[in-house]
Amino acid sequence: MAATTSESEKKQEEGAEAEQVVNPWEVSAKGKIDYDKLIDRFGCQRLDQSLISRLHRLTSRLPHVFLRRGVFFAHRDFADILDAYERGDKFYLYTGRGPSSEALHLGHLIPFMFTKYLQDAFKVPLVIQLTDDEKFMWKNLTIEESQRLARENAKDIIACGFDISKTFIFADFSYVGGSFYKNMLEVAKRVTYNQAVGIFGFTGEDHIGKVSFPPVQAVPSFPSSFPHLFSGKENLRCLIPCAIDQDPYFRMTRDVAPRIGCHKPALIESLFFPALQGETGKMSASDPNSAIYVTDSAKDIKNKVNKHAFSGGQDSIEKHRQLGANLEVDIPIKYLTFFLEDDVELEHIKKEYGEGRMLTGEVKQRLVEVLTELVERHRRARASVTEEMVDAFMAIRPLPHMFD
């Protein structure tokens, strides 16, 4: 009987995993993403209030809205990074982008907005990887198109306000070689094909380019991959802000790191930014109506929010006044949680809307205002980014003031 029970439990677990697919290339679910299950499956930890309070104390900065509201919710060894910082040991940040579309949507901006806060709060250097090689292998793109998109996306990243004296942006097609390539081979030699299949779900139909890619994303977390930046500082720790779908890359990296004499990278991981239609996955660049783009006009934003943003409001005003909105499924409330800075106003809207005194149209109107302001601000910043600025951020150069 016990054996039967364990078999049925195993089937239930497999069924739950089948209902929820989360890996670096696909995020989908039959309902809402179950983040507790993801934490259990991936083996990371919840980011608790004590760590956020400690960050506040160490940096003397109000924690970012993404921390205050649980957008960045999981971590690996973040406490170790804070321990090191408190001892006076420096670290560096590493994040990235796979350039598969001309323009970024709001979901793409989230890790960069948060990384900018971390760079400013800790005054540390940052490396940003543009995986143009990955997108060539996974998408129907030529090498030249992948390289062009990387450069276009770099302009959106620079527009987030990173400090050029502390930031190095690189594209794989241009940068991979030398010490970086040596580290790739050190990692590749220590991960078996079976391990890669177990971690990433590769199948016999996948070409070998895909199977060989993970070390490319792993090694920016080792300072020796950047001798022009970190020569003589090979003991630096690395902190990676990213969405939780990138976790498999760094589980692999953390397994290999001690075997090649490197620190395990630490991670701080975010929820997915949901599609306008609801929380069954993340915003997709392949479905323009699922996403708000940084190139959308005020009219586009208004139309998308009003037509496509899934509402938790009731289907009649009378019923809504009586029952209030279901905030758990309401996308305008989710988006305001990400982007409305004012904590007091957000709580007021949630209370009024949840108790039926505020209508869906009013909440959507406030969201349109918030998103239009955000997108307009980003568009102005991007318009000021020149080709020369892109060249400057991507130039292989020392950063003498990176810890100032």
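Only this structure's heavy atoms are used, side chains among them; waters, hydrogens and symmetry mates stay out. These figures come from a predicted structure and were not determined experimentally.
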Whether the side chain of Asp206 engages the backbone of Thr203 through a donor-acceptor N/O pair (distance < 3.5 Å, no angle test) should be reported. yes
Gln217 versus Phe250, closest heavy-atom pair with distance: O-CE2, 3.5 Å
Neighbour count above 12 (heavy atom, 6.0 Å) for His401 NE2: no
Do NZ/NE/NH1/NH2 and the carboxylate oxygens of Asp83 and Arg54 come within less than 4.0 Å? yes
So with a 6.0 Å cut-off around CD1 of Ile317, is the heavy-atom count from everything else above 12? no
Phe403 versus Lys90, closest heavy-atom pair with distance: CE2-CB, 3.3 Å
Does atom OH of Tyr181 have more than 12 heavy-atom neighbours from other groups under 6.0 Å away? no
Apply side-chain contact (heavy atoms from CB on, under 4.5 Å) to the pair Ile349 and Leu340, showing each step before the final yes or no. CA-CA 11 Å; Ile349 290 171; Leu340 179 59; 4.1 Å; yes
Less than 4.0 angstrom from a charged side-chain N to a carboxylate O is my criterion; do Glu362 and Arg357 meet it? no
Would Phe202 and His207 count as a close aromatic pair, with their ring centres under 6.0 Å? no
Distance only, no hydrogens: is a donor on one side chain within 3.5 Å (strictly under) of an acceptor on the other, for His105 and Asp296? no
So, applying side chain to side chain donor-acceptor pair (under 3.5 Å) with Arg251, which one of Thr253, Asp255, Asp247 is it? Asp247
Given Phe226 and Tyr175, is the ring-ring contact (aromatic ring centres under 6.0 Å, His included) satisfied, shown in steps? CA-CA 10 Å; Phe226 305 100; Tyr175 184 72; 5.8 Å; yes
Write down the atom of Thr372, the atom of Ala298, and the distance for their closest heavy-atom approach. CG2-CB, 3.8 Å
One pair to check against side-chain contact (heavy atoms from CB on, under 4.5 Å): Phe170 and Met394. What are the steps and the verdict? CA-CA 5 Å; Phe170 67 99; Met394 298 184 80; 5.6 Å; no
Distance only, no hydrogens: is a donor on one side chain within 3.5 Å (strictly under) of an acceptor on the other, for Asn194 and Thr192? no
Minimum heavy-atom separation for Thr131 to Glu134, with atom names? OG1-OE1, 2.7 Å
Can you confirm whether more than 12 heavy atoms, excluding those of Asp404, are under 6.0 Å from its CG atom? yes
May I have the step-by-step check of side-chain contact (heavy atoms from CB on, under 4.5 Å) for Phe222 and Val187, ending in yes or no? CA-CA 11 Å; Phe222 304 144; Val187 171; 3.8 Å; yes
So, taking the atom named CG in Leu38 and the one named CD1 in Ile244, what distance separates them when rounded to the nearest 0.5 Å? 5.0 Å
Pair Phe122, Phe91 - check ring-ring contact (aromatic ring centres under 6.0 Å, His included), show working. CA-CA 9 Å; Phe122 288 105; Phe91 65 92; 5.2 Å; yes
Does Arg68 pair with Asp343 as a salt bridge, N-O distance under 4.0 Å? yes
I want to check something: taking the side chain as every heavy atom from C-beta on, are Glu26 and Asn23 in contact at a cut-off of under 4.5 Å? yes
Criterion side-chain contact (heavy atoms from CB on, under 4.5 Å) on Met389 and Thr386, from CA distance to verdict: CA-CA 5 Å; Met389 285 172 70; Thr386 62; 3.3 Å; yes
Asp36 and Arg46 ion-paired at < 4.0 Å: yes
Between Gln365 and Glu369, is any pair of side-chain heavy atoms under 4.5 Å apart? yes
Thinking salt bridges, do Lys135 and Glu145 make one under a 4.0 Å N-O criterion? no
CG-OG distance between Asp245 and Ser270, expressed to the nearest 0.5 angstrom: 8.0 Å
Gap between atom CZ of Phe78 and atom CD of Gln45 - 0.5 Å precision: 12.5 Å
Return the minimal non-hydrogen interatomic distance between Cys238 and Ile240, and the atom names on each side. SG-CG1, 3.9 Å
Do Arg151 and Glu387 come within less than 4.5 Å of each other through their side chains, counting heavy atoms only? yes
Find out whether Tyr335 and Pro274 are in side-chain contact, i.e. whether some heavy atom of one side chain is under 4.5 Å from a heavy atom of the other. yes
Does the side chain of Pro214 reach to within under 4.5 Å of the side chain of Val191, using non-hydrogen atoms? no
Short N-O contact, Glu186 and Arg190, less than 4.0 angstrom: yes
Given side chains that start at C-beta, do those of Leu126 and Asp163 come closer than 4.5 Å, heavy atoms only? no
Which atom names give the shortest non-hydrogen contact between Leu267 and Arg254, and what distance separates them? CD1-CD, 4.1 Å
When you check the gap from the basic side-chain N to the acidic O, do Lys139 and Asp132 get nearer than 4.0 Å? no
Does some side-chain heavy atom of Lys264 sit less than 4.5 Å from a side-chain heavy atom of Asp80? no
Tell me, do Glu376 and Arg379 make a side-chain contact under 4.5 Å, heavy atoms counted? yes
Between Glu152 and Arg382, does any side-chain N to carboxylate O distance fall below 4.0 Å? yes
Inter-residue atom distance Gln129.CD - Asp172.CG, 0.5 Å rounding: 4.0 Å
